[in-house]
Amino acid sequence: MLAQIQQPIASELGRYTELFKASLQAGNPLLTSALNHLTRRLGKMMRPTLLLLCAREGGTVTDEALHAAAGLEMLHTASLVHDDVVDESNMRRGQRSVNALFDNKAAVLVGDFITSKALTEVALTHSLEAVERMAWLGQTLADGELLQLNNTQSTIFSESAYYDVIAKKTAALFSTCAFLGARLGGADSDTVDRLERFGHIVGLCFQLRDDIFDFDESIDAGKPKGNDMHEGKLTLPAIHALNTTTNARYHHLAMRVRAQEASKLEVQELVEFTIAAGGIDYAESEMRRLRAEALTMLDATGNAEIAHALHLYLDYVVKREV
């Protein structure tokens with residue numbers, strides 16, 4: 001399905017890939033080793049794909065749009081490098097994280113270098129609006145991480161707090177890709193607004209699916225099962241399950257998880273309770289609700305080929321297995 005989604009922008013994605021790799025170069029041997037490690041797997045290019053599809057809906061994929069796509073993916077990459085330091089994660093996308101391969105000091109500096117490269121790329125759009133949006137995104141990603149840290153101290157299992165975190169940590173990036181793609185592609189204001197909202201919802205679905213993966217032993221998502229709980233995070237499936245029970249045992253386990261004091265057996269117990277209490281089913285139903293809303297954002301899409309590709313893109317995010 002991914003090839004079908006990317007078919008309308010296949011040549012532009014090729015140009016993007018060349019630009020991204022060429023831009024992340026350095027003379028320092030340690031930095032070069034880290035950058036090569038990070039770019040060895042470019043993944044499915046979900047965010048650049050969304051930006052370029054939205055640019056095509058606007059009219060054309062300009063060089064400015066390619067620079068924006070590279071800049072946003074670099075900022076995302078830098079944020080993941082820093083997140084792995086904060087979370088003390090050893091794995092990322094099925095391979096060792098930068099902090100595990102080198103150390104925390106090197107990882108922070110590598111993240112800083114990539115952030116600076118991201119700013120260079122967005123400056124090449126020659127758009128003050130793009131620079132301002134990039135700055136907003138950087139602030140929002142950090143805000144989301146801090147909110148998530150703050151939630152580990154809370155005794156309340158709040159869905160609204162969860163959605164606030166993922167709106168800032170994940171949806172903000174997707175909405176920015178859609179916004180800048182449409183804007184730099186020459187779309188009118190109504191189209192920009194619709195696609196920005198579409199990107200926001202896609203981002204929420206993307207994170208929901210990732211959070212569901214954490215409970216599924218049959219899927220290799222590139223990180224250990226129950227990893228979120230081991231890092232002190234309670235995601236929507238667990239939050240919903242906890243709000244359906246008055247059993248003090250599970251609330252106690254949840255607080256031990258948040259304090260990162262829970263043993264592997266205790267984490268497994270809370271995982272099993274979450275599944276039995278319908279937490280996964282609830283998160284799936286939330287994705288279906290969001291998908292239905294996102295589809296309405298595509299009703300007025302003028303380019304039928306792009307509308308179809310975006311429809312497939314949404315379904316891929318909702319139904320993906322890795």
Side-chain angles (χ1 to χ4, degrees), residues 5-6 8-9 11-20 23-24 42-80 114-144 167-206 294 297-298 300-303 306-307 309-310 313-314 317:
I5 293 167
Q6 295 173 340
I9 53 165
S11 62
E12 289 88 348
L13 268 178
R15 290 164 56 202
Y16 156 80
T17 300
E18 292 176 3
L19 174 65
F20 184 82
S23 298
L24 280 184
L42 291 180
K44 300 177 179 68
M45 298 191 287
M46 296 300 292
R47 285 151 291 270
T49 295
L50 179 60
L51 190 150
L52 298 179
L53 286 172
C54 290
R56 176 59 62 80
E57 169 60 14
T60 184
V61 178
T62 61
D63 287 344
E64 288 76 15
L66 293 173
H67 285 299
L72 287 172
E73 190 65 5
M74 287 176 191
L75 182 63
H76 172 59
T77 301
S79 72
L80 295 182
I114 299 172
T115 299
S116 297
K117 283 289 190 177
L119 295 173
T120 299
E121 287 301 313
V122 77
L124 292 173
T125 65
H126 306 294
S127 165
L128 179 59
E129 184 177 39
V131 173
E132 290 174 340
R133 183 64 183 239
M134 187 78 151
W136 169 85
L137 178 60
Q139 296 165 32
T140 302
L141 293 174
D143 188 13
K168 292 179 176 180
K169 282 192 59 179
T170 308
L173 180 56
F174 281 84
S175 67
T176 297
C177 286
F179 173 84
L180 287 182
R183 182 71 84 198
L184 295 172
D188 60 56
S189 295
D190 287 344
T191 299
V192 171
D193 291 345
R194 280 191 302 101
L195 291 177
E196 181 180 18
R197 178 61 184 168
F198 176 82
H200 175 82
I201 298 172
V202 164
L204 295 179
C205 290
F206 190 93
M297 300 296 106
L298 301 180
T301 304
N303 185 320
I306 297 302
L310 289 173
Y313 184 102
L314 173 63
V317 167

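Worth saying up front: this structure is predicted, and the values here are computed from it rather than measured.
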Does the side chain to side chain contact (heavy atoms under 4.5 Å, CB included) test come out yes or no for M297 and L195, once each step is laid out? CA-CA 7 Å; M297 300 296 106; L195 291 177; over 6 Å; no
Do M134 and L72 touch side chain to side chain, with heavy atoms closer than 4.5 Å? yes
With distance as the sole criterion, is a donor-acceptor pair present between the side chains of E196 and S175 under 3.5 Å? no
What closest approach, in Å, do V317 and V202 show between heavy atoms, and which atom pair accounts for it? CG1-O, 3.8 Å
Do L310 and L50 come within less than 4.5 Å of each other through their side chains, counting heavy atoms only? yes
Taking all heavy atoms of P48 and all of L13, pick out the closest pair and write down the distance. CB-CD2, 4.4 Å
Quick one: pull up CZ in F179 and CG in D193 and give me the separation to the nearest 0.5 Å. 8.0 Å
Is the shortest side-chain heavy-atom distance between M45 and T17 below 4.5 Å? yes
Going from CD1 on I9 to CZ on R56, what distance comes out if it is rounded to the nearest 0.5 angstrom? 8.0 Å
Going by heavy atoms in the side chains, are F198 and L314 under 4.5 Å from each other? yes
Should R15 and D63 count as side-chain neighbours, where that means a heavy-atom distance under 4.5 Å? yes
Gap separating the CD1 atom of I114 from the OG atom of S79, nearest 0.5 angstrom: 10.0 Å
Nearest heavy-atom neighbours spanning A307 and L298: O-CD1, 4.1 Å
Taking it one step at a time, do S127 and E64 satisfy side chain to side chain donor-acceptor pair (under 3.5 Å)? CA-CA 8 Å; S127 165; E64 288 76 15; over 6 Å; no
Ignoring hydrogens and geometry beyond distance, is a side-chain donor-acceptor pair present between T191 and D188 at under 3.5 Å? yes
For M46 and Y313: C-alpha separation, side-chain torsions, deciding distance, then whether side chain to side chain contact (heavy atoms under 4.5 Å, CB included) applies. CA-CA 9 Å; M46 296 300 292; Y313 184 102; 3.7 Å; yes
Using only heavy-atom distances, determine whether the side chains of E57 and T301 contain a donor-acceptor pair under 3.5 Å. no
NZ or CZ of R47 within 45° of F206 ring axis and under 6.0 Å: yes
Nearest heavy-atom pair of M74 and A118: which atoms, and what distance? CB-CB, 3.7 Å
I306 vs P8 side-chain heavy atoms within contact, under 4.5 Å: yes
Are L204 and T170 side-chain neighbours, meaning at least one heavy-atom pair lies under 4.5 Å? no
Please report the shortest heavy-atom distance between G138 and L75, naming the atom on each side. N-CD2, 4.1 Å
Taking atom CD of E12 and atom OG1 of T62, what is their separation to the nearest 0.5 Å? 10.5 Å
For the atom pair OG1 (T176) and NE2 (H76), what is the distance rounded to the nearest 0.5 Å? 12.5 Å
To the nearest 0.5 Å, tell me how far T60 OG1 sits from L184 CG. 11.5 Å
Show, in sequence, the C-alpha distance, side-chain angles and deciding distance for T120 and H67, and conclude whether the side chain to side chain contact (heavy atoms under 4.5 Å, CB included) test is met. CA-CA 9 Å; T120 299; H67 285 299; over 6 Å; no
4.5 Å side-chain heavy-atom contact, L173 and T140: no
Looking at A167 and H200, what are the two nearest heavy atoms and their distance? CB-CE1, 4.0 Å
For the pair L66 and L52, evaluate side chain to side chain contact (heavy atoms under 4.5 Å, CB included) and give the outcome as yes or no after the intermediate values. CA-CA 8 Å; L66 293 173; L52 298 179; 3.9 Å; yes
